[in-house]
Amino acid sequence: MERSLSMELVRVTEAAAVSASRWMGRGLKNEADDAATTAMRTVFDTIPMQGIVVIGEGEMDEAPMLYIGEELGTGSGPAVDVAVDPLEGTNIVASGGWNALAVIAIADKGNLLHAPDMYMDKIAVGPAAVGKIDINASVTENLLAVAKAKNKDIGDIVATVLNRERHAGIIEEIRTAGARIKLINDGDVAGAINTAFEDTGVDILFGLGGAPEGVIAAVGLKCLGGEIQGRLVPSNDEERERCLKMGLDVEKVLYMDDLVKGDDAIFAATGVTDGELLRGVQFKEGYSETHSLVMRSKSGTIRFVEGRHSMKKKPLLVMQD
């Protein structure tokens, strides 16, 4: 892939973030998602690449979502798999909450797992604990392993978990082990990525979340030198059958190289609302400000990008009610 793609992808996430952020706190999650999707698709059409969406928001007939199989880019340049979430945290934006992102992950064609839209059991950590976790081990065993790897007492470890009833057992075991918890209402891509940055104060992520988000997080963690393990969790026979047709073994543990192959992948995200890692979009007189993260696994480069966007010269970023 071309190095220039990294900054081109930031343009895409910036546009999506600004467009979505105008709906913050208005209780209209679908409108926010549509705004992000429309902006993202428009900017994608200017990027020199041959992209195919392998992880998107819907099927072809579910417009305006960026659908699985959709072609993105100008049709010239590198052939790449695209995993996209125009607005990771629609409920977050609707309520004006924490950690909503516009996110893209790409890799060379054929290198991203085509994850079906179902649950995935996940465990994720940053570089210091790579090789120390095991999704088949207990929550307590993993907490102890991370504490040892990071030279911390278990009481100093912070685990991120989606605040869902299905995670009651995980939450109870974390508390019994003596570790601390940061419950999040949505946005487990951010939750997984945050484990790789010391400033966020997060050490490990546990629990069931979306499988597509698991692949996107895997690209980010590959760029950061972190680790995620997952296992598909079908909710019914139809989802199980879909896995079989896709050649996916629901009993198999999915490691980093299963989720994203090769040594070259790019992850880009722009904050929509404020979070531990990225600031949300701010509107000033005549312009908006964005805060983005872009990373490439091949080079190990991690960039934080601050952008200022003229609202007069970029009409795409002006919301149309």
Side-chain angles (χ1 to χ4, degrees), residues 83 85 88-89 92 98-101 103 105 120-135 137-164 167 170-171 173-174 177-231 253-260 265 267-269 271 274-278 293-295 297 300 302 304:
D85 197 342
E88 213 255 332
I92 296 173
W98 200 251
N99 270 331
L101 302 174
V103 185
M120 177 186 285
D121 190 17
K122 308 170 191 174
I123 181 172
V125 292
V130 168
K132 308 300 182 183
I133 58 171
D134 182 356
I135 199 169
S138 69
V139 169
T140 302
E141 288 170 327
N142 280 302
L143 288 169
L144 288 168
V146 171
K148 182 178 180 181
K150 302 188 80 169
N151 196 28
K152 291 184 176 183
D153 293 331
I154 195 167
D156 296 329
I157 294 295
V158 175
T160 288
V161 184
L162 278 170
N163 191 9
R164 301 287 189 273
H167 292 149
I170 292 175
I171 292 168
E173 187 170 351
I174 294 170
R180 297 177 295 155
I181 304 175
K182 179 173 287 187
L183 293 175
I184 55 176
N185 290 323
D186 289 285
D188 66 343
V189 170
I193 297 300
N194 284 349
T195 64
F197 290 92
E198 288 293 329
D199 289 348
T200 66
V202 176
D203 299 290
I204 187 168
L205 173 136
F206 290 107
L208 267 68
E213 289 82 358
V215 176
I216 294 173
V219 174
L221 287 169
K222 191 180 191 79
C223 295
L224 289 161
E227 180 180 6
I228 186 170
Q229 297 175 15
R231 184 187 288 111
V253 174
L254 299 169
Y255 296 99
M256 292 292 287
D257 287 341
D258 298 308
L259 298 166
V260 51
F267 175 96
D274 288 338
E276 295 94 341
L277 189 62
L278 294 173
L293 168 68
V294 60
M295 310 179 287
S297 63
I302 301 167
F304 287 92

For a quick test of reading the model, state the closest non-hydrogen atom pair linking [X] to [Y] and the distance between them.
X      : Y      : result
Leu101 : Ala269 : CD1-CB, 4.4 Å
Leu224 : Ala196 : CD1-CB, 3.6 Å
Gly201 : Val158 : O-CB, 3.2 Å
Cys223 : Ser297 : SG-N, 3.4 Å
Ala124 : Leu221 : CB-CD1, 3.9 Å

Restricting to pairs with a member in residues 122-133, which pass side chain to side chain donor-acceptor pair (under 3.5 Å), not counting sequence neighbours? Lys122-Asp188
Which residue pairs satisfy the side chain to side chain donor-acceptor pair (under 3.5 Å) criterion with at least one member in residues 200-216, sequence neighbours excluded?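 As it turns out, the side chain to side chain donor-acceptor pair (under 3.5 Å) pairs with a partner in residues 200-216, which skip direct neighbours, are Lys150-Asp203, Lys152-Asp203.
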Please report the interatomic distance [atom1]([X]) to [atom2]([Y]), rounded to the nearest 0.5 Å.
X      : Y      : atom1 : atom2 : answer
Arg164 : Asn185 : CZ    : CG    : 6.5 Å
Glu276 : Phe197 : CD    : CZ    : 12.0 Å
Ile170 : Phe206 : CD1   : CZ    : 7.5 Å

Donor-acceptor pairs under 3.5 angstrom involving side-chain atoms of residues 140-149: please list them, not counting sequence neighbours.
| residue | atom | partner | partner atom | Å |
| --- | --- | --- | --- | --- |
| Thr140 | OG1 | Glu173 | OE2 | 2.8 |
| Glu141 | OE1 | Ser138 | N | 2.9 |
| Glu141 | OE1 | Ser138 | OG | 3.3 |
| Asn142 | OD1 | Asp134 | N | 2.8 |
| Asn142 | ND2 | Asp134 | O | 2.9 |
| Asn142 | ND2 | Ser138 | O | 3.1 |

Between Arg231 and Ile135, is a side-chain contact (heavy atoms from CB on, under 4.5 Å) present by the stated rule, with each step listed? CA-CA 8 Å; Arg231 184 187 288 111; Ile135 199 169; 4.0 Å; yes
The single option from Ile228, Asp258, Leu259 that satisfies side chain to side chain contact (heavy atoms under 4.5 Å, CB included) with Val215 is Leu259
Applying the side chain to side chain contact (heavy atoms under 4.5 Å, CB included) criterion to Asn99, which one of Asp186, Asn194, Val189, Asp274 satisfies it?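 Only one option passes, and that is Asn194.
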Should [X] and [Y] count as side-chain neighbours, where that means a heavy-atom distance under 4.5 Å?
X      : Y      : result
Ile193 : Phe267 : yes
Val202 : Lys182 : yes
His167 : Leu162 : yes
Ile204 : Thr160 : no
Leu293 : Leu277 : yes

Could you tell me whether the side chain of Gln229 and the main chain of Ile133 form a donor-acceptor pair under 3.5 Å? yes
Is a side-chain N or O of Glu227 found less than 3.5 angstrom from the main chain of Gly131, in a donor-acceptor match? yes
Derivation of the side-chain contact (heavy atoms from CB on, under 4.5 Å) call for Ile181 and Ile171: CA-CA 8 Å; Ile181 304 175; Ile171 292 168; 3.7 Å; yes
As a quick check of understanding, evaluate side-chain contact (heavy atoms from CB on, under 4.5 Å) for Ile174 and Val139, giving each step before the final call. CA-CA 7 Å; Ile174 294 170; Val139 169; 3.6 Å; yes
Under the side-chain contact (heavy atoms from CB on, under 4.5 Å) rule, what do Lys222 and Asp257 come out as? Steps first, then yes or no, please. CA-CA 9 Å; Lys222 191 180 191 79; Asp257 287 341; 3.5 Å; yes
